[in-house]
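Reviewing the structure listed below.
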Amino acid sequence: MSIDTVEQAEQTPDQSQPSKELGLADDEYRQIREILGRRPTSSELAIYSVMWSEHCSYKSSKVHLRQFGDKAPKTDALLVGMGENAGVVDAGDGWAVTFKIESHNHPSYVEPYQGAATGVGGIVRDILTMGARPVAVMDSLRFGRLDAPDTARVLPGVVAGIGGYGNCLGLPNIGGEVYFDESYLGNPLVNALCVGVMRTDGIKLAKADGPGNKVVLFGARTGGDGIGGASVLASATFDDAKPSKRPSVQVGDPFAEKVLIECCLEIFAADLVVGIQDLGAAGLSCATTELAAAGTGGMDVDLDVVPLRDPTLAPEEILMSESQERMMAVVTPERLDDFLNVCAKWDVTATVIGTVTDTGRLRMTWRGETIVDIPPRTAAHEGPVYRRPTERPFDQDAIQAHDGSSLPRPRGGDELRKTLLRLVASPNLADKSWVTDQYDRFVLGHTVLAQPEDAGMIRLDDSTPRGIALSVDGNGRYSKLDPYAGAQLALAEAYRNVAATGARPLAVTNCLNFGSPEDPAVMWQFAEAVRGLADGCRQLGTPVTGGNVSFYNQTGSSAILPTPVIGVLGVIDDVAKRIPQAFRSDGAAIYLLGDTRDEFAGSEWAYVVHGYLGGRPPAVDLAREQLLASVLIDAGRDGLLDSAHDVSEGGLAQALVEAALRGDSGARITLPEGLDPFVALFSESTARAVVSVSRPHEAAFAELCADRGLPAARIGTIDVLGPSLEIDGQFTVALRELRAAWKGTLPARFG
Amino acid sequence: MVTFPGSLDDRDAARAVRAAGGEPVALWHADPSLHDVDAVILPGGFSYGDYLRAGAIARFAPVMESLVSAARDGLPVLGICNGFQVLCESHLLPGALVGNAGRKFVCRPQSLRVENVKTSWTSGYRAGQEIVVPIKNMDGMYVADDRTLDKLEADARIVARYRLGNPNGSYRDIAGITNKAGNVVGLMPHPEHAIDPLTGTGADGLGFFLSLTGVAA
Amino acid sequence: MARVTVDVVLKPEILDPQGQAIVGALGRLGITGVTDVRQGKHFELEVEDGVDDDTIAKLADTLLANPVIENFTISR
Amino acid sequence: MARVTVDVVLKPEILDPQGQAIVGALGRLGITGVTDVRQGKHFELEVEDGVDDDTIAKLADTLLANPVIENFTISR
Ligand SMILES: Nc1ncnc2c1ncn2[C@@H]1O[C@H](COP(=O)(O)OP(=O)(O)O)[C@@H](O)[C@H]1O
Ligand SMILES: [Mg+2]
């Protein structure tokens, strides 16, 4: 096997190189030659091609994502902002929390189980890298129609993969989403979130500081997994991919990761590292260039000593391999033995592969020859940046103009009742326990709220009542109608969900799932969504701490619905004060908070009953969201609320059904005066919640709402032993019938 | 409290022991010493990733050799979920645990009937008492041949059975069994996740730990 | 070096949900004529030349198979 | 009626965590001389006489194995 060395590259400047096949544009290849003053070696080309891929360089999204920083609200809640592996939030009392969401969409289509499993594995390592103990995961999932044949292949595999990996790591799964829409059939979305907890003085950063310090690769051996994945996988649709470019699948080893987590936590506790980085997309290329670029600036690496699973791997392949369950640490020579001892205790393979230098160069050798000699910043941070053309889709005005106001609506109690039963059984609104029962939500013993509650909530530690709440939300249909509003609606819903548990929303993460950035219409959707999110975060005072962009989500030339998925994290001082969703106190009054308008564009009703998408999504009112949140949080803190549940997709009717079924309690409802019953029940107006208040607290609660100026309509009472949900003057439906409809849908499809 | 590589519910079980007034002591799989403890809990999780068969590899850990002989001498041992699997693989308990009949991981609150209240771990319950604790497993179907099952029933060695639905296809609805002496108990459901209504399904599981500390006290 | 395979199958009296599920799926695939499926494990071992079948049998009996529920066969 | 077996193994380049874990356990068992283990699946099918290998191959390819990561062999 011939090795392409730096010396050879100097001597053979005209040798042709497969830059195009590696996904590099001609200009980008020229730029690399300029940086190096010669042609790159094949190993250098491998590094640049993966580091400059869309997936790693954010070259199409960077100019937009800047707004998250530029428009960031003033806050002292952020300990580490954007740009690190994950942002870190101050949770009070010396506790810090780090969280992030990431996509694994394409791999989950190719091999659902492993694709989803390694998605969880990757995000957990990101959180671990910050110095935190990972304490919970969430998953946001989107598939094709429930009845589409391929959904029966993809969904069970994805769910088993997320469960298989997360359960085996001992991380409770505390929430997520499952949506169905035809646009995701050939391109499911699998977004995984992880949250970690640490003390504020335990934060670790990804940098290689201190000349003479050792670079240690530890964890799994390197194999041929996903070679070219980072670049090829993320920058071409499958239709374009030549067979040779098809990604090979990465297989996860959750046991290896569990051991790696415990090993790292012991290493952190003993303060044995200067810097640390996980190996994810772009593997060693990414870890070495990023660590070096963020630190003293140089690194020497001996690729010969990298422990291999497949001894035939060439250096280019070693550099591009995406083998899972690997980490890289920078360790002082004095601490090296201690470090290696901890690894040995956990049976984790650890190898010194290099040294930090102050040369400003990343140098790698192979069989004694220099095969890489580059300035690391040029690969890690100074990649190409594109301002791609954007263009409002030609049919956007038409989509918004045809608002569906003439769609026939149900009239009379009987039709309303039928509509309700049909909606609660529809795939997007139906019970998701077929999925969530495959996830461990109890492990670690700190889970206070999990599915199907509005947000997941965990206690930070045995020593404190303090906790955090998290929700992830997105709505591709709203975003299609108006991506600016769609991003804000997702943000608002996640924010509302967190507040509905009694926690104070503090910070935001996001995963932006879009089609091809080379399509100006998609790029317009993306730009609008980012602008909407940045503006929304500023107004709500919740900064974006990090996230992930996934482009090229399309089948042929048809893109998925633009799908920004937003995660909001909140803090609660005492988890015992959490507000659950269930109706549970007999005789308690039920209130609807907020205003209801006639808003059905993009609604579940329009989709399920009419298969219709058009109009403008529900109005966004972030000031009202803040007001609603403040009332929920304060009332929760003062113990005024027995339950709270946000109103979103499916409207008031769906919220009432969920609260009643969750508590196995009946309720008698009188719809607010002056509202059409159909609008009252099914409109998806935002900034609303359903709460229940027991008699002794009613006066205080009503006064709180009046003082703050939050509309609060008393719409009924809970009848704990009542067998049904009664809508006065309209219809009565037995809980048993509702439950059968709501619970039956997914099992009927998947067994 | 034994920690194997891949143990997950070890902290939870330690918390439960503490809640019952006991003092949890960490034992390490590679250390054969039992450090003079009064009882041992093998916690839930995926020791060695549950690779090969759940519990199959953990069985060969150095600590297990000491544990097997101490258990034969009467040391109270509770194996929860993965711990139950390890006890079967080590032949301290008869039968085996294989993949759930539903072929999926199952996590949900589960109703049980406690049948044998003479073991070291169940003396705090009333015979026939119905309790709810979480179940969460992939390989939770208890299987054994008919002779073994008949014998278990005849000797009243079935500690608990599932009620209101069998979550994993276990033969004869078996959720937990004990050895002849009643000191070794294997349990598929997770009582350590039912010691505090705030974070678990209730407090019904505390009885397993109270049974022990009551005895030890 | 030699390659030895060990096949492990559940004893007939033990339920095999995985195999049953496959039988159930056959109909949907339009495959007829397959009346039963049992799923077991297949191990491929690389062993040095000196390793005899007794050693492999010990390995299979103590580690690869659980004799309470499984039988195994060794082939070279 | 005939018995057909299908063995499904991970492609050589795909990580096999289970096999690795078994190799790791061998040392503790005191068994030497086994240098590598790969774990796969073993299916035993009961088929009617008319069923040919093409049908079995179709079955293996769609149901028993995941061709993205696994290979299979059929033997009668
Ligand atoms: N949509 C986004 N919003 C905010 N920050 C983002 C977004 N996408 C990516 N980032 C940030 O860019 C950095 C690089 O992202 P990524 O490549 O996903 O991280 P990693 O290298 O850990 O995989 C991270 O700090 C991440 O939080
Ligand atoms: Mg990272």
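A, B, ... follow the sequence lines: proteins, then strands. Residue 1 opens every chain. Below, all heavy atoms of this structure are taken into account, side chains as well, without hydrogens, waters or symmetry copies.
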Taking all heavy atoms of [X] and all of [Y], pick out the closest pair and write down the distance.
X	Y	answer
B:Gly49	A:Cys168	CA-SG, 4.1 Å
B:Phe46	A:Asn167	CE1-O, 3.5 Å
A:Lys258	B:Ser7	CE-O, 3.5 Å
A:Arg133	B:Arg11	NH2-NH2, 2.6 Å

Where does [X] contact chain B at under 4.5 Å (heavy atoms): side chain, backbone, both or neither?
X	result
A:Val159	neither
A:Asp462	side chain
A:Tyr439	backbone
A:Val448	both
A:Leu169	backbone

B:Glu130 atom CD, neighbour heavy-atom count above 12 within 6.0 Å
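Counting neighbours around CD of B:Glu130, more than 12 heavy atoms of other residues, nucleotides or ligands fall under 6.0 Å, so yes.
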Please say whether more than 12 non-hydrogen atoms of neighbouring residues, nucleotides or ligands are located less than 6.0 Å from CZ in A:Arg199.
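Counting neighbours around CZ of A:Arg199, more than 12 heavy atoms of other residues, nucleotides or ligands fall under 6.0 Å, so yes.
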Return the [atom1] to [atom2] distance between [X] and [Y], rounded to the nearest 0.5 Å.
X	Y	atom1	atom2	answer
A:Asp440	B:Phe105	CG	CZ	5.0 Å
B:Thr199	A:His446	OG1	NE2	8.5 Å
B:Thr201	A:Phe442	OG1	CZ	5.5 Å

Just one of A:Val443, A:Leu171, A:Leu444 clears the side-chain contact (heavy atoms from CB on, under 4.5 Å) bar with B:Leu8, so which one?
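Only match with B:Leu8 under side-chain contact (heavy atoms from CB on, under 4.5 Å): A:Val443.
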Most contacts with chain A, counted as non-hydrogen pairs under 4.5 angstrom, among B:Arg103, B:Lys104, B:Arg108:
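Highest number of pairs under 4.5 Å: B:Lys104.
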Among the listed options B:Pro134, B:Pro197, B:Ala30, the residue most often paired with chain A at heavy-atom distances under 4.5 Å
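Ranked by contacts with chain A, first place is B:Pro134.
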Fit a plane to each ring of B:Tyr51 and A:Phe255, take the angle between them on a 0 to 90° scale, and name the class: parallel (under 30°), tilted (30 to 60°) or perpendicular (over 60°).
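Taking A:Phe255 first and then B:Tyr51, their aromatic rings stand perpendicular (interplane angle over 60°).
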Is there a donor-acceptor contact under 3.5 Å from the side chain of A:Arg578 to the main chain of B:Leu198?
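Between the backbone of B:Leu198 and the side chain of A:Arg578 there is no qualifying donor-acceptor contact (under 3.5 Å).
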Do B:Lys136 and A:Gln438 have side-chain heavy atoms sitting under 4.5 Å apart?
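With C-beta onward as the side chain, the pair stays apart.
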